[in-house]
Amino acid sequence: MSERSERTTDTPGPLDGAERGDCATEAFVAHRNLLFTVAYEMLGSAADAEDVLQEAWLRWVDVDRDTVREERAYLVQIVTRQALDRLRALGRRKESYVGPWLPEPLLTAPDVAEDVELADSVSMAMLLVLETLQPIERAVFVLREVFDLDYDEIAEAVDKSPGAVRQIAYRARAHVAARRPRGTGSPAEHRAALQAFQRAVETGELQSLLDILAPNVVALSDGGGVKHALLRPIVGADNVARLLAVGWWKRDAERSVELVQINGGPGLLVRVNGEIDGVVAVRVENGYVTGAYHVRNPEKLSRIEQQTTVSR
């Protein structure tokens, strides 16, 4: 073969280190939002999800990509394994947590709510249901029900047989079905709920709030032992309204309330004297507020002004 023929051949040669690194980066970036969402739904913490992605990246760059059949599935498997390790460590950490633990809230784009299944899967209410699963059950449920991976792919990710994964998925679905919130609210109902909460926070006017609170509404708050918060759930419309009346927030301070999208649903961003004081995510079912989740732990609010992209 001539020198010229060798130069013009269509057969690609082996990639050098820089080219392989570029290809690995492109693949990881292309799936990053999906990978973050997988990790976040497994952990309930954006900070821990970001750490998992960093660990997954370090492993991905060392992978021989010639052995990878499907990049998306392979990357999800790496992230799942890292998230499972972290989830088990988090369980030990939560045992010593002061007061109720709530997921780290995310400021999400309005279009997340248009994907009903995605919005439900990242909602505060659903993340709390997922907290009641064992780590392996949570991983299988998230990968199967939210991201629609097949059983063989999930089996590789969690180091189980496909048959075992099917059994785990069945148990997890039954567990979640018995505990997940039922019913949804329309955009108009969401707006009415948020406006009533806003008036209650800003003015102390509670009647409009009482009108949209479900009789069995539950309020939880998370201060992480750093900020004042409820040490147990408050249940019932009158009790929740009274809680707002006596002051979930300082009554002698200047408060401002911004209507935002939190975890794909309605929420409030509360500032006191110009500083972020907390976030309230609201669960609306069949026109009534059934859950209010108030996060004040500063560690969980560090990125709340930065919109986070979640995807499937």
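Remark: Arg271 engages Glu258, Glu305 in a side-chain hydrogen bond (donor to acceptor under 3.5 Å, both in side chains) (not counting sequence neighbours). Considering only residues two or more places apart in sequence or on other chains, Ala139 meets the side-chain contact (heavy atoms from CB on, under 4.5 Å) condition with Met42, Thr80, Leu84, Val158. With sequence neighbours excluded, the residues forming a side-chain hydrogen bond (donor to acceptor under 3.5 Å, both in side chains) with Lys94 are Glu131, listed by chain and number. Under the side-chain hydrogen bond (donor to acceptor under 3.5 Å, both in side chains) criterion, Ser123 pairs with no residue, sequence neighbours left out. Not a single side-chain hydrogen bond (donor to acceptor under 3.5 Å, both in side chains) links Thr108 to another residue, sequence neighbours left out. For Arg312, the side-chain contact (heavy atoms from CB on, under 4.5 Å) partners two or more places apart in sequence, or in a different chain, are Asp115, Glu117, Leu118, Val146, Phe147. Residues satisfying the side-chain contact (heavy atoms from CB on, under 4.5 Å) test with Asn239, not counting sequence neighbours, are Ile234, Arg242. In this structure Gln207 satisfies the side-chain contact (heavy atoms from CB on, under 4.5 Å) test together with Glu205, Leu210, Asp211, sequence neighbours excluded.
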Residues 160-172, side-chain donor-acceptor partners within the protein, below 3.5 Å, at least two apart:
from: Ser161; atom 1: OG; to: Ala164; atom 2: N; distance (Å): 3.1

Output side-chain donor-acceptor pairs under 3.5 Å for residues 259-267, partner residues at least two apart or in another chain, one line each.
from: Gln261; atom 1: OE1; to: Gly265; atom 2: N; distance (Å): 3.4
from: Asn263; atom 1: OD1; to: Leu106; atom 2: N; distance (Å): 2.7
from: Asn263; atom 1: ND2; to: Tyr40; atom 2: OH; distance (Å): 2.8
from: Asn263; atom 1: ND2; to: Val122; atom 2: O; distance (Å): 2.7

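Within the 4.5 Å cutoff, the side chain of Asp48 has heavy atoms near those of the Arg93 side chain. In this structure, the side chains of Asp277 and Arg296 come closer than 4.5 Å at one or more pairs of heavy atoms. A 4.5 Å side-chain heavy-atom check between Leu269 and Val279 finds at least one atom pair inside the cut-off. At a threshold of 4.5 Å between non-hydrogen side-chain atoms, the residues Leu102 and His294 do not count as touching.
Cation-pi contact between Arg283 and Tyr293: absent, since separation from the ring centre below 6.0 Å together with deviation from the ring axis within 45° is not met.
Counting only residues at least two apart or in different chains, salt bridge (Lys or Arg N to Asp or Glu O under 4.0 Å) contacts with residues 74-85 comprise Asp85-Arg88.
Hydrophobic clustering of Ile, Leu, Val, Met, Phe, Trp and Tyr side chains at less than 4.5 Å, counting indirect connections, unites Leu90 with Val140. Clustering ILVMFWY residues whenever any of their side-chain heavy atoms sit less than 4.5 angstrom apart, transitively, puts Leu209 in the very cluster that holds Val282. Phe36 and Val61 fall within a single hydrophobic cluster, where Ile, Leu, Val, Met, Phe, Trp and Tyr side chains are chained together by heavy-atom contacts under 4.5 Å. Under the 4.5 Å side-chain contact rule for hydrophobic residues, Val176 and Val38 share a cluster. Under a hydrophobic-cluster definition in which Ile, Leu, Val, Met, Phe, Trp and Tyr are linked whenever side-chain heavy atoms come within less than 4.5 Å, directly or via other members, Val68 and Ile78 are assigned to the same cluster.
Note that CG of Asp222 and NZ of Lys300 are 3.5 Å apart. Values are rounded to the nearest 0.5 Å. From Gln54, atom CD reaches atom CZ of Arg59 across 10.5 Å, with rounding to the nearest 0.5 Å. Expressed to the nearest 0.5 Å, how far CG of Asp51 lies from CZ of Arg86 amounts to 4.5 Å. Going from atom CH2 of Trp57 over to atom CZ of Arg32 covers 11.5 Å, rounded to the nearest 0.5 Å. Interatomic distance, Leu133 CG to His175 NE2, rounded to the nearest 0.5 Å: 4.5 Å. For the atom pair Asn297 CG and Lys227 NZ, the distance stands at 9.0 Å (nearest 0.5 Å).
Trp101 belongs to a hydrophobic cluster whose other members, connected by ILVMFWY side-chain contacts under 4.5 Å either directly or through intermediates, are Tyr97.
Taking a cutoff of 4.0 Å between a charged side-chain nitrogen and a carboxylate oxygen, Arg144 and Glu153 do not qualify as a salt bridge.
Taking every heavy atom of both residues into account, Val76 and Leu35 meet most closely at N-CD2, 3.8 Å. Here the closest non-hydrogen pair linking Ala157 and Leu143 is CB-CD1, 4.2 Å. Residues Met124 and Pro103 approach most closely at CE-O, 3.5 Å, considering heavy atoms. Pairing each heavy atom of Leu220 with each of Pro100, the nearest pair is CD2-CB, 4.4 Å. Closest non-hydrogen pair, Ala214 versus Ala237, comes out as O-CB, 3.7 Å. Taking every heavy atom of both residues into account, Gly223 and Ala229 meet most closely at N-CB, 3.3 Å.
The backbone N or O of Leu230 lies less than 3.5 Å from a partner atom in the side chain of Ser221, making a donor-acceptor pair. Checking side-chain atoms of Glu137 against main-chain N and O of Gln134 turns up a donor-acceptor pair under 3.5 Å. Without hydrogens or angle criteria, Thr37 side chain to Ser311 main chain gives a donor-acceptor distance under 3.5 Å.
Remark: Glu50 CD is packed, more than 12 non-hydrogen atoms of other residues, nucleotides or ligands lying under 6.0 Å away. With a 6.0 Å radius and a threshold of 12 heavy atoms from other residues, nucleotides or ligands, Glu275 has its CD atom at or below the threshold. A 6.0 Å sphere centred on OH of Tyr151 holds more than 12 heavy atoms belonging to other residues, nucleotides or ligands.
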* To do: For Arg180 and Asp120, run side-chain contact (heavy atoms from CB on, under 4.5 Å): C-alpha distance rounded to whole Å, both residues' side-chain angles, the deciding distance at 0.1 Å, then the answer.
  => CA-CA 10 Å; Arg180 75 187 307 161; Asp120 181 65; 2.6 Å; yes
Verdict with supporting geometry, Gln82 and Leu53, side-chain contact (heavy atoms from CB on, under 4.5 Å):
CA-CA 8 Å; Gln82 298 305 311; Leu53 259 61; over 6 Å; no
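Using cut-offs of 30° and 60° on the angle between ring planes, the pair Tyr74 and Trp60 is tilted.
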